[in-house]
Each structure stands twice: as structure tokens, then as C-alpha cells.
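Taking it in order: structure first as C-alpha cells, then the write-up.
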Amino acid sequence: QVQMVESGGGLVQAGGSLRLSCTVSGLNFDGYAMGWFRQAPGKEREGISCINWSAGKTMYSDSVKDRVTISRDKDKNTLYLQIDSLEPEDAVMYYCASGPWVGHWDREGEYTYWGQGTQVSVAS
């Protein structure tokens with residue numbers, strides 16, 4: 001019944017910016033965190049950022065914290081990830097996820113629901 005759908009991926013020039021969206025339905029948002037992960041072929045899924053849906057508290061991975069911004073629109077039930085200064089290493093699949101607010105926000109196993117992902121490509 002819970003559905004999470006990512007959008008906004010595509011081909012972007014290196015150095016450009018992109019905003020990914022994740023629309024969520026069928027979920028009780030109280031006490032939940034929403035996270036963004038990314039995964040390259042042959043690599044483990046990497047936590048990028050998360051936000052407490054109600055309070056807006058945010059967390060970022062050290063690897064991307066200087067170039068990304070997470071946000072949400074409560075009225076639209078939509079999660080966003082702004083990526084600036086895109087680099088070739090950013091050209092991977094991006095996933096949104098939801099789960100209880102816990103300490104290990106960047107661990108895949110802490111999240112209950114996942115979207116199918118959206119592909120980001122970077123042209124140089």
C-alpha cells in the first residue's frame with residue numbers, strides 16, 4: 001500500500017545541478033525519517049542524506065554534504081534532494097526510502113519502504 005516514486009533523474013552536464021523528487025503515499029508520516037541513497041553497479045547502497053519528516057532535522061554523508069540539500073514539502077508529501085556541482089561519481093541510481101527515525105540513518109537495513117530509483121547521468 002505504501003508507494004514511493006522517484007523522479008527528476010536524467011542527463012546533466014558536469015558542474016550542473018539537479019533536483020530529485022520522491023512522492024510518498026499510503027504512509028503514516030508521524031515519527032518517520034525519509035532518506036536518500038545511491039548505488040553504483042557492484043557497490044553497496046550508500047546513504048546520502050535523511051530528514052525527520054515532522055521536525056525537519058537533517059543528516060548528511062560526509063562524502064556529499066557540501067553539495068547536496070535535502071528538503072520536504074509536507075503538503076505535497078514529497079521529498080527532495082538538490083545536488084549541485086555534479087561530478088562523474090554522482091552518475092548512479094538514486095533511491096528514496098522511509099523508516100523510523102533511528103541513529104543509524106545511513107544504513108539500508110534501517111528503512112522499511114523503498115522507491116524503484118531514478119538514474120542520474122553526468123556528461124563531461
Side-chain angles (χ1 to χ4, degrees):
Q1 296 297 323
V2 176
Q3 186 176 33
M4 305 183 69
V5 181
E6 302 95 337
S7 62
L11 178 62
V12 183
Q13 288 288 329
S17 297
L18 194 67
R19 189 177 75 161
L20 307 180
S21 300
C22 174
T23 300
V24 185
S25 62
L27 178 69
N28 185 348
F29 291 89
D30 293 343
Y32 270 76
M34 304 293 172
W36 283 101
F37 286 72
R38 67 182 183 182
Q39 186 173 23
K43 301 289 186 179
E44 295 294 318
R45 194 164 294 187
E46 175 191 12
I48 301 170
S49 182
C50 74
I51 185 169
N52 178 279
W53 189 262
S54 297
K57 177 180 173 63
T58 59
M59 300 293 292
Y60 293 95
S61 169
D62 290 339
S63 64
V64 298
K65 64 181 180 181
D66 58 333
R67 300 187 296 111
V68 306
T69 303
I70 191 171
S71 61
R72 87 294 198 206
D73 187 327
K74 293 182 179 180
D75 293 334
K76 296 182 178 180
N77 290 345
T78 301
L79 177 72
Y80 302 99
L81 184 71
Q82 177 76 28
I83 311 174
D84 298 319
S85 302
L86 281 158
E87 303 172 354
E89 65 182 356
D90 299 321
V92 296
M93 287 287 292
Y94 287 77
Y95 302 86
C96 62
S98 63
W101 182 256
V102 295
H104 299 294
W105 65 268
D106 57 346
R107 295 183 179 180
E108 182 179 1
E110 297 292 335
Y111 293 82
T112 304
Y113 304 105
W114 293 84
Q116 294 300 308
T118 184
Q119 178 71 51
V120 172
S121 300
V122 179
S124 60

Side chains of R72 and W53: closer than 4.5 Å at any heavy-atom pair?
yes

Less than 4.5 Å apart, any side-chain heavy atom of T112 and any of V2?
no

Which heavy-atom pair separates G35 from L79 by the least distance, and what is that distance?
O-CD2, 4.0 Å

A side-chain contact here means heavy atoms from C-beta on lying under 4.5 Å apart; do E108 and W114 qualify?
yes

Kindly write out the residues that satisfy disulfide bond (SG atoms under 2.5 Å apart) with C50, not counting sequence neighbours, or none if the list is empty.
none

Do the side chain of W36 and the main chain of Y80 share a donor and acceptor less than 3.5 angstrom apart?
yes

Would you mind listing every ring-ring contact (aromatic ring centres under 6.0 Å, His included) that reaches into residues 54-76, with sequence neighbours excluded?
none

Does the R38 side chain pair with the main chain of V92, one donor and one acceptor, at a distance under 3.5 Å?
no

Establish whether L27 and F37 are linked, either directly or via other cluster members, by ILVMFWY side-chain heavy-atom contacts under 4.5 Å.
no

Separation between CE (M4) and CG (N77), nearest 0.5 Å, reads 10.5 Å

Cluster overlap V120 with I48, hydrophobic side-chain contacts below 4.5 Å:
yes

With no hydrogens and no angle check, just 3.5 Å: does a side-chain donor-acceptor pair link E46 and S63?
yes

Minimum heavy-atom distance between A91 and S121, given as atom pair plus value:
CB-CA, 4.0 Å

Nearest non-hydrogen partners of S124 and A14, listed with the distance
CA-CB, 4.4 Å

Output the distance between atom CD1 (I70) and atom CE (M59), rounded to the nearest 0.5 Å.
11.0 Å

Whether Y111 side chain and M34 backbone form a donor-acceptor pair below 3.5 Å:
no

Any donor and acceptor pair, going by atom type alone, linking the side chain of S85 with main-chain N or O of G15 inside 3.5 Å?
no

Under a single-linkage definition using a 4.5 Å side-chain heavy-atom cutoff for Ile, Leu, Val, Met, Phe, Trp and Tyr, are V24 and L20 assigned to the same hydrophobic cluster?
yes

If only atom types and distance count, is the side chain of E6 paired as donor or acceptor with the main-chain N or O of C96 below 3.5 Å?
yes

Are M93 and V64 co-members of a hydrophobic cluster defined by side-chain heavy atoms under 4.5 Å apart?
no

Within 6.0 angstrom of K43 NZ, more than 12 heavy atoms from elsewhere:
no

Would V5 and Q116 count as a side-chain contact (heavy atoms from CB on, under 4.5 Å) here? Give the steps.
CA-CA 7 Å; V5 181; Q116 294 300 308; over 6 Å; no

Identify the two heavy atoms, one from S17 and one from D84, that lie closest to each other, and give their separation to 0.1 Å.
OG-OD1, 2.9 Å

Using side chain to side chain contact (heavy atoms under 4.5 Å, CB included) as the criterion, point out the one residue from T69, N52, I51 that pairs with T58.
I51

